[in-house]
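Given the structure is predicted, the values throughout are model-derived calculations rather than measurements. Note that ligands are numbered from 1 as they come in the structure, with each ligand's atoms numbered from 1 the same way.
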Amino acid sequence: MSDNAFVVVTGGAGFIGSHTVDRLLNQGCRVAVIDNFSTGRLENLAQWKEEERLEILTVDIADGIFASLSALEERWGPVERIIHLAAQTSVVHSIDSPLGDVRTNYTGTVQVLEYARRKKVKKIVFASSAAVYGDVEEFPVREDFVCSPLSPYGINKLSVEFWLGYHSKVHGIDTAPLRFFNVYGPRQDPSSPYSGVISIFADRCSAGKDLTIFGDGEQTRDFVYVGDVSRAIVLACFAKGGDGSPANIGTGLETSVNDLATLINEFCGGKSTISHGESREGEILKSVADVSRAKERFDFSAKTALRDGLKDTVTALTGG
Ligand code: UD1
């Protein structure tokens, strides 16, 4: 039961985090958001401005969370569950700045886990990533494939999965790493060249600007809607028996970048010209998740059809 549970959401003002906070509050939970606001935004939680069950703390996880959460615990009682989403989120940035990625995605995360261990938190859900796999040759991608990450980001996410396994086996904490595939939806930031393709295409199309597809556009991805992802997170958070082994969070369906561009342009009235540019260096040509483990473990399957999710994404941008 999730009623009245006290859940800490790190990164709770971010893209996936704020949707997760919406869901937890709607289910009756009490929520503390920890965010350093490097990419998180207060506007993402503006709908909860008057909500007494929500407290927002401006804290960097790499500086430790003990002091800030202690005061809260005196008022609210012990933290029961932690959903750890705070992260440096750019794969490309991690390649340029590996130590920065280690600081947040590894050391910062281990500090959160240390808090959980000392405070005897019941459950930790962790935002891992399909980036842990690297190049694979068999599809759909299963959790038991050998991982060979191609970036510091992927290495640090995979390393934290080992920490979660350790915390489950040695300290008896329920832990659930979730390997997100390509998440999209309202509130995703389109402003960097390394932003998710859907946020870039939706932003450009809704302003009538041209789209550039990298390469021939036949490369595929498993695009999963943020509303489904937040549902998976909350299901995993209240499911029993997380032993630190990961579960893919995707749809099990693959979509080419060509089809994606056509669909988004269609929703925006077909005003954009679609052209092809150079292929991205190191481009993965195919990605699609095997989704059976999440179904077995916590009865999750993605429900939002790409068309519906894209429509919501475009509508959120155009306000229409
Ligand atoms: C993800 C990372 C990326 C990293 C790559 C390494 C995100 C958002 N991106 O890329 O930083 O380098 O893993 O494995 O996490 N595309 C276009 N036009 C655009 C933007 C993208 O055609 O303007 C294409 C890309 O070439 C790719 C697809 O869209 O084929 C998806 O791109 P993206 O959203 O960046 O995700 P990943 O490729 O999975």
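- The shortest N or O to N or O distance between Phe201 and ligand 1 is not under 3.5 Å.
- Close contacts of ligand 1 with Thr212, meaning ligand atoms under 4.0 Å from a residue heavy atom, involve 17 (C), 18 (N), 19 (C), 22 (O), 23 (O).
- Close contacts between ligand 1 and Gly196 involve ligand atoms 8 (C), 34 (O) [criterion: under 4.0 Å to a heavy atom].
- Judged purely by atom type and a 3.5 angstrom limit, Ser195 uses its side chain to pair as donor or acceptor with the backbone of Ser192.
- The pair Glu114-Arg118 meets the salt-bridge criterion, with a side-chain N (NZ, NE, NH1 or NH2) lying under 4.0 Å from an Asp/Glu carboxylate O.
- A salt bridge does not link Glu143 with Arg179: none of the charged nitrogens is closer than 4.0 Å to a carboxylate oxygen.
- The pair Arg41-Asp35 fails the salt-bridge criterion, with no side-chain N (NZ, NE, NH1 or NH2) lying under 4.0 Å from an Asp/Glu carboxylate O.
- When the heavy atoms of Val91, Ile95, Thr255 are ranked by distance to atom 6 (C) of ligand 1, first place goes to Val91.
- Heavy atoms of Ser90 come nearer than 4.0 angstrom to ligand 1 in no pair at all.
- A centroid separation of less than 6.0 Å is found between the aromatic rings of His171 and Tyr166.
- Inspection of the Tyr225 and Asp308 side chains reveals no N or O donor paired with an N or O acceptor under 3.5 Å.
- In this structure, Arg204 contributes its side chain and Asp210 its backbone to a donor-acceptor pair below 3.5 Å.
- When the options Phe181, Tyr194, Tyr153 are ranked by their closest heavy atom to atom 8 (C) of ligand 1, first place goes to Tyr194.
- Taking only non-hydrogen atoms, the option from Ile200, Val257, Leu150 nearest to atom 24 (C) of ligand 1 is Val257.
- Below 3.5 Å of separation, one finds no N or O of Thr89 facing any N or O of ligand 1.
- Using a cut-off of 4.0 Å between Lys/Arg side-chain N and Asp/Glu carboxylate O, Lys123 and Asp174 are scored as salt-bridged.
- Scanning the protein for heavy atoms near atom 38 (O) of ligand 1, the closest one is Arg221 NH2, 2.9 Å.
- Heavy-atom proximity to atom 35 (O) of ligand 1, evaluated over Lys286, Arg280, His93, is greatest for Arg280.
- Considering only non-hydrogen protein atoms, atom 36 (O) of ligand 1 sits nearest to Asn182 ND2, 3.1 Å.
- Given atom 14 (O) of ligand 1, the protein heavy atom at minimum distance is Ile284 CD1, 3.8 Å.
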For Tyr184 and Val226: C-alpha separation, side-chain torsions, deciding distance, then whether side-chain contact (heavy atoms from CB on, under 4.5 Å) applies.
CA-CA 6 Å; Tyr184 74 96; Val226 68; over 6 Å; no
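- At least one N/O-N/O distance between Val197 and ligand 1 falls below 3.5 Å.
- Atom numbering of ligand 1 starts at 1 in the shown order; those under 4.0 Å from a heavy atom of Gln219 are 26 (O), 30 (O).
- Residue, atom and distance of the protein heavy atom nearest to atom 19 (C) of ligand 1 are Phe214 CE1, 3.4 Å.
- Protein heavy atoms come within 4.0 Å of atom 17 (C) of ligand 1.
- Taking a cutoff of 4.0 Å between a charged side-chain nitrogen and a carboxylate oxygen, Glu266 and Arg307 qualify as a salt bridge.
- Taking atom 11 (O) of ligand 1 as the reference point, the nearest protein heavy-atom neighbour is Val92 CG2, 3.4 Å.
- Distance from atom 26 (O) of ligand 1 to its nearest protein heavy atom, with residue and atom name: Glu283 OE2, 2.6 Å.
- Taking the charged nitrogens against the carboxylate oxygens, Arg30 and Glu55 have no contact shorter than 4.0 Å, which rules out a salt bridge.
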